[in-house]
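Presented below is the structure to which this report refers.
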Protein chains: 2
Amino acid sequence: MGIAERKIRQREEVKASILNAAWKMVEKEGWQALSIRKIAEAIEYSAPVIYDHFENKEAILQEFTRRGFCLLNESIAAAIAPLSLPEQQIEAIAHAYRAFAIEHREYYQLMYGLGMPGCDTVKQTAELHTFSQLLLTPLRQMAAQSTKSIDPYLKLRTLWSTLHGLISISRMGETDHEDELSEMVLQDFIGVFIAGMR
Amino acid sequence: MGIAERKIRQREEVKASILNAAWKMVEKEGWQALSIRKIAEAIEYSAPVIYDHFENKEAILQEFTRRGFCLLNESIAAAIAPLSLPEQQIEAIAHAYRAFAIEHREYYQLMYGLGMPGCDTVKQTAELHTFSQLLLTPLRQMAAQSTKSIDPYLKLRTLWSTLHGLISISRMGETDHEDELSEMVLQDFIGVFIAGMR
DNA sequence: TACTTTTGCTAACACTGTTAGAAAAAATAA
DNA sequence: TTATTTTTTCTAACAGTGTTAGCAAAAGTA
């Protein structure tokens, strides 16, 4: 009986179309404008149908948060893959992080709860662990090579904080050339950060 | 005719009670729970009265953002006042910033649009300029003393970014001892940051 | 064809910010 | 004091929001 399979397939098609429609809306009008009723209209179903696929609106945002971190992890993984020196890897991570935040504006906004009621969602995202490990590996290598006594977790936090802070502050900036400025700040920070670990 | 004066006084009493009621609600239930109707109920007026004092809900949030930056600026000014060495001042600023974010959780959340639809409000806050100047002064002094060629604006951004990132990332952390960790990260960063400017 | 299950819809609840227009209160003028 | 004008404040409504209960229709099974 392939009928059960078809039902599952159709179910997942609807689920995909929900996320699809939601994403289109976010791209056009931002997270604020996203509403269950508008998604329903876009997929040509009534609003309650959405609750057969997602527990609530939060769950939809959670799914996008997860996807965002997946994309970010892939970006970073790809950036460090061709490099072997931990210093170079750290620099590559920083640039990949910034590039992701600029390229995938909406994703980043949601992931870090900037102007959204999805702030508590992040810590429940499993992909965050992968992200940590991705940064931790080169930091551990550098800590091992260093003459100083260095805590890789501490450095992970410092690096991550500055990267995220850089994006956040840059986003609320007034000037038009925020991108160039953030590029320079990043370059400057990375230099000091790596020098501080040697 | 003291009657006009009394009217103005009464008007401002109502305005103050709006902000008062709003703040109490935020302290108890967070920014998400703040609603015009609930404020109206608390001050024992009908909802439209609020629009005689504030253009819209955003304007109320804007006012709190302004107040938040005032408080932060005062905190920082008080912290650097007894110190003369720019290095010490920068360190004091960093600790004052962190202390403010921890002590005035809700203020900080609003000021930087964490989980709130008041993200665009920040750049319209005049007090932000004072804040910049407060950090810029010791950074300029250090840049002048340094053998290197240092851009104080660049360093301002780096410092601010890391401070804000530190708070943000720490807030979405899972562990209970986030405060101790952020304290250590801050200490570590300040060391590297100041060393990098000498 | 009759029965059962799944699916999807309408209608409603309890909210939200915001505005128009009427009613009540207060201040001014006669 | 009475009449008029101005100011203040309210009720009611509009257009939304997320979410749920319960019914009708479609689809699958016997």
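Each chain gets a letter, A, B and so on, in the order its sequence line appears, and its residues count up from 1.
The CD-C1' distance, from B:Gln10 to C:dA25, rounds to 12 Å in whole Å. The interatomic distance linking A:His53 (NE2) with D:dT19 (C1') rounds to 17 Å, in whole Å. Between B:Ile50 atom CD1 and C:dT16 atom P the separation is 11 Å, expressed in whole Å. For the pair A:Glu41 CD and C:dC9 C1', the computed distance is 15 Å after rounding to whole Å. Here the P atom of nucleotide D:dT19 and the CD1 atom of A:Ile39 are 11 Å apart, to the nearest Å. The nearest whole Å value for the distance from the CD1 atom in B:Ile43 to the C1' atom in D:dT9 is 11 Å. Rounded to whole angstrom, the span from the NZ atom of A:Lys38 across to the P atom of D:dT19 amounts to 15 Å. If you measure from atom CD1 of B:Ile36 to atom P of D:dC10, you get 15 Å, rounded to the nearest angstrom.
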Check nucleotides 4-8 of chain D against the protein and report each pair of N or O atoms closer than 3.5 Å, with its distance, or say if there are none.
unit_1	atom_1	unit_2	atom_2	d
D:dT7	O3'	B:Lys7	NZ	3.3

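More than 12 heavy atoms of other shown residues, nucleotides or ligands fall within 6.0 angstrom of atom CD in B:Glu106.
Atom CZ of B:Arg157 sits about 7.5 Å away from atom CD1 of A:Ile169, to the nearest 0.5 Å.
Although no hydrogens or angles enter the test, the distance criterion places no donor-acceptor pair under 3.5 Å between the side chain of A:Ser146 and the main chain of A:Ala143. Within the 3.5 Å criterion, the main-chain N or O of B:Leu128 finds no donor-acceptor partner in the side chain of B:Thr125.
Note on ring orientation: taking the six-membered ring where Trp is involved, the planes of A:Tyr97 and A:Phe131 are tilted (angle from 30° to 60°). Taking the six-membered ring for Trp and thresholds of 30 and 60 degrees, A:Tyr112 and A:His164 have nearly parallel ring planes, at less than 30 degrees apart.
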- CA sep, side-chain torsions, deciding dist, call: A:Lys57, A:Tyr51, side chain to side chain contact (heavy atoms under 4.5 Å, CB included): CA-CA 9 Å; A:Lys57 190 182 178 181; A:Tyr51 291 87; 5.6 Å; no
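Residue whose closest nucleotide on DNA chain D sits further toward the 5' end, between A:Ser35 and B:Glu44: B:Glu44.
Between B:Arg6 and C:dA27, a side-chain N or O to OP1/OP2 separation shorter than 4.0 Å is present.
With hydrogens and angles ignored, no donor-acceptor pair closer than 3.5 Å exists between the side chain of A:Arg37 and the base of D:dG16.
At the heavy-atom level, B:Leu34 lies under 4.0 Å from the strands shown only through sugar-phosphate atoms.
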Donor-acceptor pairs are to be reported for all side-chain atoms of residues 86-95 of chain B against protein atoms at under 3.5 Å, with residues two or more places apart or in another chain.
unit_1	atom_1	unit_2	atom_2	d
B:Glu87	OE2	B:Arg198	NH1	3.0
B:Gln89	NE2	B:Leu83	O	2.9
B:His95	ND1	B:Glu91	O	3.0
B:His95	NE2	B:Glu183	OE2	3.4

- Note on the structure: Reading nucleotides 19-24 of chain C from 5' to 3' and marking B where a protein heavy atom lies under 4.0 Å of the base, S where only the sugar-phosphate is that close, and - otherwise, the string is B-----
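Residues B:Phe69 and B:Phe100 keep their aromatic ring centres 6.0 Å or farther apart.
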